[in-house]
2 protein chains.
Amino acid sequence: MSEEQARSGSLAHRVPELGALELLLAVARLGSLGAAARELGITQPAASSRLRSMERQLGVALVDRSPRGSRLTDAGALVTDWARQVVAAAEVFDAGAQALRATRDSRLRVAASMTIAEYLLPGWLLALRAGRPDTAVSLLAGNSAKVAELLLAGEADLGFVEGLTVPAGLDSAVIAHDRLTVVTAPAHPWARRPRPLTTAELAATPLILRERGSGTRQVLDAALGAPARPLIELSSTTAVKAAVISGAGPAVLSELAVGEELATRRLIGISVDGVPLRRDLRAVWPTGHRPTGPARELLSLTRG
Amino acid sequence: MSEEQARSGSLAHRVPELGALELLLAVARLGSLGAAARELGITQPAASSRLRSMERQLGVALVDRSPRGSRLTDAGALVTDWARQVVAAAEVFDAGAQALRATRDSRLRVAASMTIAEYLLPGWLLALRAGRPDTAVSLLAGNSAKVAELLLAGEADLGFVEGLTVPAGLDSAVIAHDRLTVVTAPAHPWARRPRPLTTAELAATPLILRERGSGTRQVLDAALGAPARPLIELSSTTAVKAAVISGAGPAVLSELAVGEELATRRLIGISVDGVPLRRDLRAVWPTGHRPTGPARELLSLTRG
DNA sequence: ATGGGGACATAAGGTGGTCTTATGAGCGAA
DNA sequence: TTCGCTCATAAGACCACCTTATGTCCCCAT
């Protein structure tokens with residue numbers, strides 16, 4: 001993700017900043033530079049200049065201007081679609097960051113395991129905001145034990161965990177499933193195997209693993225019927241991914257965590273015969289205290 | 001995607017700019033502010049100040065500084081993961097934009113249909129760049145006929161199309177599949193149906209459609225056995241999505257186009273009984289002229 | 001035909017953010 | 001103790017962006 005692009009300045013020098021991308025989206029939607037400027041709360045000359053420098057930066061004409069409005073060029077339509085992806089990722093970032101900031105005085109306090117906080121919760125928060133714009137949500141992340149502790153101490157209203165078991169004292173509802181996937185670097189011999197790996201082969205191979213106690217590792221041990229053999233133990237999903245990409249060896253990771261890498265083929269998913277590497281994602285709350293109000297609202301968004 | 005966040009300044013005011021996010025990723029990876037600064041080609045004080053303003057902007061401490069290095073805080077780890085998603089989207093943007101710019105003097109000229117150019121090609125280009133950093137790729141987007149025309153005129157080396165049929169004069173290889181999905185707004189009655197829609201129901205319902213001649217619409221007509229009934233006809237996938245979200249009615253769209261909306265539940269996918277809404281995505285080239293060199297390289301990345 | 005109003009472009013000037021250089025302070029190892 | 005690494009702070013330069021003010025083009029309505 002990082003070396004060869006230093007060649008001509010970093011990403012930030014080649015990709016317009018978020019404000020410019022938002023402007024482009026607004027122009028595409030409204031069909032007018034001036035109208036887009038008004039929506040963003042800037043003046044029309046500012047929008048004009050900003051769009052022009054974006055076109056200069058990209059070396060592509062994005063918008064056809066005319067005395068009666070502006071329309072995207074063909075290239076502009078493509079760029080706008082890519083820009084939409086960047087803005088969507090920024091919205092996820094924003095939703096998450098807002099929840100982290102508002103640790104105090106929030107109407108809904110959520111505790112979640114890392115994987116859920118990372119990949120799913122911001123999306124739910126965006127959906128929640130769309131329906132109930134005034135709900136301030138705060139987010140605390142930790143492992144299952146930490147989530148349980150926060151809920152039982154009354155410091156969180158709703159929790160999300162991903163382990164095999166539900167911590168004592170909590171009721172739960174399964175809200176989704178998550179498959180674990182065996183992944184390797186594209187150059188790894190497994191990436192060219194004609195047929196699925198067997199459970200025995202997987203169990204016999206040293207793997208790059210998260211530290212003992214992580215939810216992913218629990219599920220893996222259970223599925224293999226024996227503790228997985230560690231090649232290295234690392235402390236974050238990200239570190240594991242980096243190690244796999246660099247060719248250190250295979251790993252078993254959540255589908256959620258490797259979606260993008262599989263799509264861009266930096267990682268290759270290896271199919272495995274007969275291992276049910278599936279785990280439940282659950283919402284949890286103190287026994288008897290069924291979620292109400294905003295917590296109930298959020299819960300209903302996660303079903304499916 | 002757009003109204004309620006105007007409340008406290010636009011996204012660009014609440015999300016750090018790309019350079020700051022890249023800095024955060026570098027700090028996370030290298031464990032040192034100064035080392036991250038060197039990697040990005042800026043001075044250490046600049047990195048220090050930039051990181052500090054990001055923390056002020058977000059209202060969250062991201063990094064624990066010490067005289068012998070810096071480590072992410074718990075919140076910092078989450079923010080870094082969200083930042084990684086934004087940066088990844090920016091890399092896709094950049095890969096696409098570079099290909100659009102380099103319309104002349106490129107070693108590999110690719111012509112692709114809109115859906116492929118939008119959702120898949122930038123990822124392939126990133127993977128290609130990782131393996132062959134010096135391959136300049138140019139991209140031309142258009143419908144199947146346009147792709148065929150460019151290939152036959154020798155103005156493109158490799159094409160990608162998504163229709164049901166392969167244009168005359170071209171050889172092809174199926175590289176992936178794409179499922180079409182019926183989608184509605186969450187409030188639509190279909191979203192709460194206990195069981196799958198029947199083909200007949202779908203065929204009898206007026207739908208929001210792309211204009212006649214689009215690849216998506218061809219496949220839909222074929223699957224229904226009769227032309228779909230239009231409720232409105234719109235000119236871009238994005239416009240169709242916006243109409244569905246606003247509650248205008250159901251639509252049938254590529255899985256690729258609605259992945260994010262389904263995940264955040266702004267759209268609901270409706271299952272349909274017995275309609276094979278599947279289409280092939282194909283690489284194409286002039287009959288006899290098998291792809292060689294960079295084209296062959298790119299093609300091999302798309303398999304799977 | 002002719003003015004009004006919408007569209008976008010251009011010019012000139014202010015402002016703020018972000019970079020640089022220069023320096024200081026804490027900690028650990030030789 | 002001294003060197004090397006870490007990060008922080010201060011002062012100044014610079015640049016990018018925004019605003020205000022104006023000009024041009026085109027369409028429509030009077």
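Chain letters run A, B, ... following the sequence lines, proteins first, then strands; residues in each count from 1. Since the model is a prediction, treat every value here as computed from it, not as a measurement.
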Rounded to the nearest 0.5 angstrom, the OG-CE distance for B/S144 and B/M114 is 12.5 Å
What protein N or O atoms touch nucleotides 25-30 of chain C N or O atoms at under 3.5 angstrom, if any, and at what distances?
none

To the nearest angstrom, the CD-P distance between A/E17 and C/dT18 comes to 10 Å
Ordered by number, residues from residues 71-82 of chain B within less than 4.0 Å of DNA chain D (heavy atoms) are none
(request) Please tell me if the side chains of B/V86 and B/V15 come closer than 4.5 Å, counting only heavy atoms from C-beta onward. (result) no
With a cut-off of less than 4.0 Å, is there a side-chain N or O of A/S48 near OP1 or OP2 of C/dA9?
yes
One would report the end-axis bend of the helix from C/dA1-D/dT30 to C/dA30-D/dT1, five pairs per end and rounded to 10 degrees, as 10°
Residue pairs meeting ring-ring contact (aromatic ring centres under 6.0 Å, His included), one or both in residues 112-131 of chain A, sequence neighbours left out, come to A/W124-A/F160
For A/T238, the side-chain hydrogen bond (donor to acceptor under 3.5 Å, both in side chains) test, sequence neighbours excluded, returns B/D81, B/R84
Here the residues of residues 57-66 of chain B within 4.0 Å heavy-atom distance, strictly under, of DNA chain D are B/R65, B/S66
Q | A/D94 bridged to A/R129 by N-O distance under 4.0 Å | A | yes
Rounded to whole Å, the CG-P distance (B/L40 to C/dT18) equals 15 Å
Result for side chain to side chain contact (heavy atoms under 4.5 Å, CB included) between A/T237 and one of A/T216, A/L256, A/L253 points to A/L253
Whole-Å distance, B/R52 CZ to D/dT9 C1', equals 10 Å
For B/T115, the side-chain hydrogen bond (donor to acceptor under 3.5 Å, both in side chains) test, sequence neighbours excluded, returns B/E162
In short, A/A251 meets A/V240 closest at the heavy-atom pair CB-CG1, 3.7 Å
Review point. Would you say B/W82 and A/P122 make side-chain contact, with heavy atoms under 4.5 Å?
Key: yes
In whole angstroms, the gap separating C1' of D/dA16 from NE2 of A/H13 amounts to 12 Å
Applied to residues 59-80 of chain B, the side-chain hydrogen bond (donor to acceptor under 3.5 Å, both in side chains) test, sequence neighbours excluded, yields B/E55-B/R65
In short, salt bridge (charged side-chain N to carboxylate O under 4.0 Å, His left out) pairs touching residues 231-246 of chain A with sequence neighbours left out are A/R212-A/E233, A/R217-A/E233, A/K241-A/E261
Between CZ of B/R56 and C1' of D/dA8 the distance, given in whole Å, is 15 Å
note: A/E22, atom CD; D/dC17, atom P; distance rounded to Å ~ 15 Å
Minimal heavy-atom distance between B/E22 and B/L40, with the atoms involved, is C-CD1, 4.3 Å
### Query
Are side-chain heavy atoms of B/V63 and B/L51 found at a separation under 4.5 Å?
yes
d(A/Q98 CD, A/S138 OG) to nearest 0.5 Å is 12.5 Å
Salt bridge (charged side-chain N to carboxylate O under 4.0 Å, His left out) filter on B/K146, not counting sequence neighbours, yields none
Polar atom pairs (N or O), protein with nucleotides 18-23 of chain D, under 3.5 Å:
{"residue": "D/dC18", "atom": "OP1", "partner": "A/R50", "partner atom": "NH1", "Å": "2.8"}
{"residue": "D/dT19", "atom": "OP2", "partner": "A/T43", "partner atom": "N", "Å": "3.0"}
{"residue": "D/dT19", "atom": "OP2", "partner": "A/T43", "partner atom": "OG1", "Å": "2.8"}

Rounded to whole Å, the CG-P distance (A/L30 to C/dG6) equals 16 Å
Sorted by chain and number, sequence neighbours left out, salt bridge (charged side-chain N to carboxylate O under 4.0 Å, His left out) with B/R132 holds for B/E297
